[in-house]
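What follows is a set of notes on a single structure, which appears directly below.
Given the structure is predicted, the values throughout are model-derived calculations rather than measurements. Note that these values count all heavy atoms, side chains included, but never hydrogens, waters or copies made by symmetry.
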Amino acid sequence: EINTRPNEVLFKYNTNFLFEMLAYSASENLNVVLCTVPLYKTYLEKRNPQMLRRRDSVLNVISLRYPNVRIFNKEADTIKFKISDFNNHNHLNPRGAEKFTKALSTFINTQF
């Protein structure tokens, strides 16, 4: 089931907690990679646009505020990730996870 109902209380709590973690990582000179994992195309179509805009606005603020953070966005990568890479609409199978891990490793090695 795809959660399409916004929860303002949970969003605010999670956002504040994320910013606390990022502030700590910056104070410790730690590099951070935030990832969005691949989703199957039928899942992508059913997401709530309002929730995506809120999430993306937070990611935009993070990009501007924290130079130690990189965002690895594979959520909508329907080119490299095919149906054979998924267990279901939002979980990769071992083959898909291996493909994602290799792409993430390359990303990390080129960003830091």
Side-chain angles (χ1 to χ4, degrees):
E1 183 176 319
I2 299 170
N3 180 18
T4 58
R5 290 187 354 205
N7 182 328
E8 287 293 323
V9 173
L10 189 58
F11 176 75
K12 287 179 183 178
Y13 176 83
N14 287 341
T15 301
N16 287 334
F17 188 59
L18 176 60
F19 280 116
E20 287 177 22
M21 289 189 296
L22 294 176
Y24 173 79
S25 68
S27 72
E28 295 292 320
N29 295 315
L30 300 172
N31 292 320
V32 175
V33 177
L34 296 178
C35 300
T36 63
V37 296
L39 302 171
Y40 191 64
K41 61 185 172 182
T42 55
Y43 188 93
L44 291 169
E45 296 165 357
K46 295 180 181 177
R47 297 175 303 162
N48 180 321
Q50 176 189 7
M51 292 170 67
L52 291 173
R53 279 191 298 276
R54 284 189 327 190
R55 190 255 342 247
D56 291 345
S57 70
V58 170
L59 293 176
N60 187 48
V61 169
I62 289 168
S63 294
L64 297 171
R65 193 179 293 176
Y66 297 98
N68 64 315
V69 175
R70 302 293 185 278
I71 298 173
F72 183 63
N73 185 353
K74 287 295 179 187
E75 185 175 72
D77 187 345
T78 58
I79 303 299
K80 292 182 183 163
F81 292 90
K82 306 287 185 203
I83 191 169
S84 59
D85 294 316
F86 292 88
N87 270 341
N88 59 31
H89 56 272
N90 67 338
H91 293 96
L92 294 169
N93 62 26
R95 176 185 156 185
E98 181 178 1
K99 189 185 290 188
F100 178 78
T101 301
K102 286 178 181 176
L104 176 59
S105 179
T106 299
F107 179 81
I108 290 170
N109 288 330
T110 61
Q111 293 295 308
F112 299 108

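Thr4 places no side-chain N or O within donor-acceptor distance of the main-chain N or O of Arg47, the cut-off being under 3.5 Å. Listed for the Asp85 side chain is a donor-acceptor partner under 3.5 Å among the backbone atoms of Lys82. Side chain of Asn68 to main chain of Leu30: a donor-acceptor pair is present (N/O by atom type, distance under 3.5 Å, no hydrogens or angles). Distance alone, capped at 3.5 Å, places no donor-acceptor pair between the Asn31 side chain and the Val33 backbone. Side chain of Thr15 to backbone of Lys12: no donor-acceptor contact under 3.5 angstrom is found. Listed for the Ser27 side chain is a donor-acceptor partner under 3.5 Å among the backbone atoms of Tyr24. A donor-acceptor pair under 3.5 Å links the side-chain atoms of Thr101 to the main chain of Ala97, judged by distance alone.
With respect to Lys41 and Glu45, no salt bridge is recorded, no charged nitrogen being found less than 4.0 Å from a carboxylate O.
Linking ILVMFWY residues whenever their side-chain heavy atoms come closer than 4.5 Å, directly or via other members, places Leu34 and Met21 in the same cluster. Val37 is not connected to Tyr43 by any chain of hydrophobic side-chain contacts under 4.5 Å among Ile, Leu, Val, Met, Phe, Trp and Tyr, and they are in different clusters.
Within 6.0 Å of CD1 in Ile83 there are 12 or fewer heavy atoms belonging to other residues, nucleotides or ligands. Within a 6.0 Å sphere centred on OH of Tyr13, heavy atoms belonging to other residues, nucleotides or ligands number 12 at most.
Of the residues listed (Arg53, Arg54, Arg55), the one engaging Met51 in a side chain to side chain contact (heavy atoms under 4.5 Å, CB included) is Arg54, and it is the only one.
Contact between Ala76 and Leu44 at its shortest, heavy atoms only, is CA-CD1, 3.8 Å. When every heavy atom of Phe86 is checked against every heavy atom of Pro38, the shortest pair comes out as CE2-O, 3.5 Å. Residues Asn93 and Ser84 approach most closely at ND2-O, 2.7 Å, considering heavy atoms.
One finds the OG1 atom of Thr110 at 9.5 Å from the CZ atom of Arg70 (value rounded to the nearest 0.5 Å). Rounding to the nearest 0.5 angstrom, the gap separating the CZ atom in Phe17 from the CG atom in Leu22 is 10.5 Å. Once rounded to the nearest 0.5 Å, the distance linking NE2 of His91 with CG of Leu39 reads 9.5 Å. The distance from atom CD of Gln50 to atom CZ of Arg5, rounded to the nearest 0.5 Å, is 13.0 Å. Separation of atoms CG (Asp56) and CD1 (Ile71) is listed at 9.0 Å; rounding is to 0.5 Å.
The aromatic rings of Phe107 and Phe72 sit tilted relative to each other, their planes meeting at an angle between 30° and 60°. Ring orientation note: the planes of Phe100 and Phe81 are tilted relative to one another, at an angle of 30° to 60°.
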*Yes or no on side chain to side chain contact (heavy atoms under 4.5 Å, CB included) for Tyr40 and Asn88, after CA distance, side-chain angles and deciding distance?*
CA-CA 8 Å; Tyr40 191 64; Asn88 59 31; over 6 Å; no
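The closest side-chain heavy-atom distance from Leu18 to Ile62 is below 4.5 Å.
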